[in-house]
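One is the number of the first residue; the rest follow in order along the sequence.
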Amino acid sequence: MAGILAWFWNERFWLPHNVTWADLKNTEEASFPQAEDLYLAFPLAFCIFMIRLVFERFIAKPCALGLKVQANGPQKAQPNAILEKVFTAITKHPDEKRLEGLSKQLDWDVRSIQRWFRQRRNQEKPSTLTKFCESMWRFTFYLYIFTYGVRFLKKTPWLWNTRQCWNGYPYQPLMPDLHYYYIVELSFYWSLMFSQFTDIKRKDFSIMFTHHIVTVILISFSYVTNLTRVGALTLCLHDSADILLEAAKMANYCKCQKLSDLLFLMFAIVFIISRLGIYPLWILNTMLFELYEALGNFPALWFFNMLLIVLQVLHCFWSYLIIKAAYKAISRGKVAKDDRSDVESSSDEDDSVPRSNNPHNTTTTNGTSGANGTNGYLTGSTCSEDH
């Protein structure tokens, strides 16, 4: 094991030329980032997760109820043993051939069966109250950590001149405030990594999971290699837009549509400026060019730049979705429903397969009347969720 660790933490890969790990050991005069410090993130991530549970139960939920956020979940599908067996044991998305077979077996028309499967899938989705509590927690954390980061960074010279990130690198003593900021951010993203499997599932789950993995890797290895100055700038920059996003989602869940639209458009502006403007001109520029000019080339530099470019690709993808939603907002006069909504629409399937030749009355078979009753949980126009 010692041999594997020695190979993994090869100084020739991670550090500039003529620098060793021994040079970055803590002394009485100065402290430097140590790999062992990263272990603090795991118990702290658990603590953050527990704080979240308490926050959502005793703070976010009462606030949501006070704002009259809908507590009920989607309308439940009518009990049917045959359809339930197909849903649980075979498929949640039956094809046209299976739909026609079930239609003959139950003497239901195809559209009623489609509606049942849609309601049954939506039945497993979270309520608006649950989504509000999740957004309020994230809003509170992002607001706190962004405020802390700004208060810390405004006192540092590298906020105004990124070349100061490399002044004396890598022999830059670790400041207590920077250590706290880094470990808390890392712990939060570790908690997101685990809670993402239990949180509200959205269509870009894999993309967000990739984002969290890249973020955790960047935070961890930039800490060990003492790239904490540029790392702090990157973290603070990313937190700036997230606050507005979560605020827009909360306003939407409260049915404050005009406020939600305004906050979403503000988020879109901040996101695009920060991710497509400041990030490449500020962060990528100093990592790709200023660091190279100051210290020359070393292998880890390419590793970090590759991950930073992966983040930029994700930024471009999310910017496309945001611009698309903003265009709909302007053209229709309101923010359109999120393409990744976790509740299915009432017409996305009805038009895909025509009615059978033996129609069955939807009111008697499904407990609904007309298109407006097919879902029972169609929220109003929503903003883009989770960037």
Side-chain angles (χ1 to χ4, degrees), residues 9 11 13-16 19-27 29-42 44-45 48 142 144-190 212-240 274 278-279 282-295 298-311:
W9 292 112
E11 297 164 343
F13 179 86
W14 293 105
L15 299 176
V19 179
T20 66
W21 294 117
D23 298 330
L24 300 179
K25 289 294 185 182
N26 291 333
T27 64
E29 292 78 18
S31 296
F32 299 97
Q34 304 296 313
E36 296 79 18
D37 297 343
L38 298 177
Y39 294 130
L40 295 172
F42 294 104
L44 188 54
I48 289 176
Y142 288 137
Y144 163 72
I145 203 65
F146 176 72
T147 303
Y148 183 91
V150 170
R151 290 183 60 186
F152 165 68
L153 287 172
K154 72 179 183 180
K155 298 180 293 184
T156 63
W158 62 84
L159 174 63
W160 317 106
N161 181 9
T162 54
R163 290 186 181 274
Q164 291 292 326
C165 292
W166 320 118
N167 186 19
Y169 179 82
Y171 306 106
Q172 299 166 340
L174 180 63
M175 304 167 64
D177 289 344
L178 185 54
H179 175 258
Y180 171 81
Y181 184 51
Y182 239 77
I183 296 300
V184 171
E185 285 274 21
L186 177 60
S187 302
F188 178 71
Y189 278 102
W190 270 121
H212 295 335
I213 290 176
V214 172
T215 303
V216 166
I217 292 174
L218 275 171
I219 295 175
S220 300
F221 289 111
S222 66
Y223 179 84
V224 174
T225 55
N226 207 13
L227 291 167
T228 50
R229 292 186 177 184
V230 69
L233 295 176
T234 306
L235 291 170
C236 191
L237 181 66
H238 280 72
D239 291 336
S240 59
S274 62
I278 299 176
Y279 178 81
W282 200 31
I283 305 300
L284 289 182
N285 177 68
T286 193
M287 285 294 295
L288 289 171
F289 303 108
E290 294 177 354
L291 175 56
Y292 180 81
E293 292 174 6
L295 296 170
F298 57 100
L301 179 60
W302 295 99
F303 170 76
F304 287 115
N305 287 336
M306 179 187 67
L307 293 178
L308 290 172
I309 291 173
V310 170
L311 277 185

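Taking the side chain as every heavy atom from C-beta outward, Tyr181 and Leu235 approach each other to under 4.5 Å. You'll find the side chain of Trp14 stays beyond 4.5 Å of the side chain of Val19, heavy atoms only. Contact annotation: the side chain of Trp166 approaches that of Leu227 to within less than 4.5 Å [non-hydrogen atoms, C-beta and beyond]. At a threshold of 4.5 Å between non-hydrogen side-chain atoms, the residues Val230 and Thr162 do not count as touching. The side-chain heavy atoms of Pro33 and Val224, taken from C-beta on, include no pair separated by under 4.5 Å. Arg229 is not listed as a side-chain neighbour of Tyr169, based on a closest heavy-atom distance of 4.5 Å or more. Proximity of Phe221 to Phe303: side-chain heavy atoms (C-beta onward) are separated by under 4.5 Å at one or more points.
Atom CH2 in Trp302 sits 12.0 Å away from atom CZ in Phe13 (nearest 0.5 Å). One finds the OG1 atom of Thr234 at 11.0 Å from the CG atom of Asp239 (value rounded to the nearest 0.5 Å). The line from CG of Asn161 to OG1 of Thr156 is 10.5 Å long, rounded to the nearest 0.5 Å. Here the CD1-CG distance, from Ile183 to Asp37, works out to 6.0 Å after rounding to the nearest 0.5 Å. Glu290 contributes atom CD, which lies 8.0 Å from atom SG of Cys165 (distance to the nearest 0.5 angstrom). Rounded to the nearest 0.5 Å, atoms CG (Leu174) and CG (Leu24) are 11.5 Å apart.
Between the side chain of Asp23 and the main chain of Thr20, a donor-acceptor pair closer than 3.5 Å is present. A donor-acceptor pair under 3.5 Å is formed between the side chain of Asn226 and the backbone N or O of Pro170. Panel note: side chain Thr286, backbone Trp282; no donor-acceptor pair is recorded below 3.5 Å. Although no hydrogens or angles enter the test, the distance criterion places no donor-acceptor pair under 3.5 Å between the side chain of Glu185 and the main chain of Ala232. The main-chain N or O of Leu237 is found under 3.5 Å from a side-chain atom of Ser240 such that the two form a donor-acceptor pair. Between the side chain of Glu11 and the main chain of Trp21, a donor-acceptor pair closer than 3.5 Å is present.
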Original post:
Would Leu291 and Phe304 count as a side chain to side chain contact (heavy atoms under 4.5 Å, CB included) if you check the C-alpha gap in whole Å, the side-chain angles of each, and the deciding distance to 0.1 Å?
Top reply: CA-CA 12 Å; Leu291 175 56; Phe304 287 115; over 6 Å; no

**OP:** Determine, stepwise, if the pair Leu301 / Met287 fulfils side chain to side chain contact (heavy atoms under 4.5 Å, CB included).
**Re:** CA-CA 8 Å; Leu301 179 60; Met287 285 294 295; 4.2 Å; yes

Original post:
Between Phe298 and Leu15, is a side chain to side chain contact (heavy atoms under 4.5 Å, CB included) present by the stated rule, with each step listed?
Top reply: CA-CA 7 Å; Phe298 57 100; Leu15 299 176; 6.0 Å; no

**OP:** Go through the steps for Ile219 and Trp190 under the test side chain to side chain contact (heavy atoms under 4.5 Å, CB included), then give the verdict.
**Re:** CA-CA 11 Å; Ile219 295 175; Trp190 270 121; over 6 Å; no

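Ring geometry, Tyr148 versus Tyr144: the interplanar angle falls from 30° to 60°, so the pair is classed tilted. Ring orientation note: the planes of Tyr279 and His238 are nearly perpendicular, at an angle over 60° on the 30°/60° scale.
Here the shortest heavy-atom pairing between Gln34 and Tyr223 reads O-CE2, 3.4 Å. For the pair Leu311 and Val214, the tightest heavy-atom approach, listed with the atom from each and the gap, is CG-CG1, 3.9 Å. Contact record, Cys236 with Leu153: CB-CD1, 3.7 Å, taken as the closest heavy-atom pair. Closest approach of Lys154 to Arg151, counting heavy atoms only: CG-O, 3.5 Å. Residue Arg163 comes nearest to Glu293 through the heavy atom pair NH1-OE1, 3.1 Å, listed as atom of the first residue, atom of the second, then distance.
Residues Ser222 and Tyr182 have side chains that bring a donor and an acceptor to within less than 3.5 angstrom of each other.
Residues forming a ring-ring contact (aromatic ring centres under 6.0 Å, His included) with Phe188 (at least two apart in sequence, or on another chain): Phe141, Tyr142. Remark: Ala30 pairs with Thr27, Phe32, Pro173 by the side-chain contact (heavy atoms from CB on, under 4.5 Å) rule, at least two apart or across chains.
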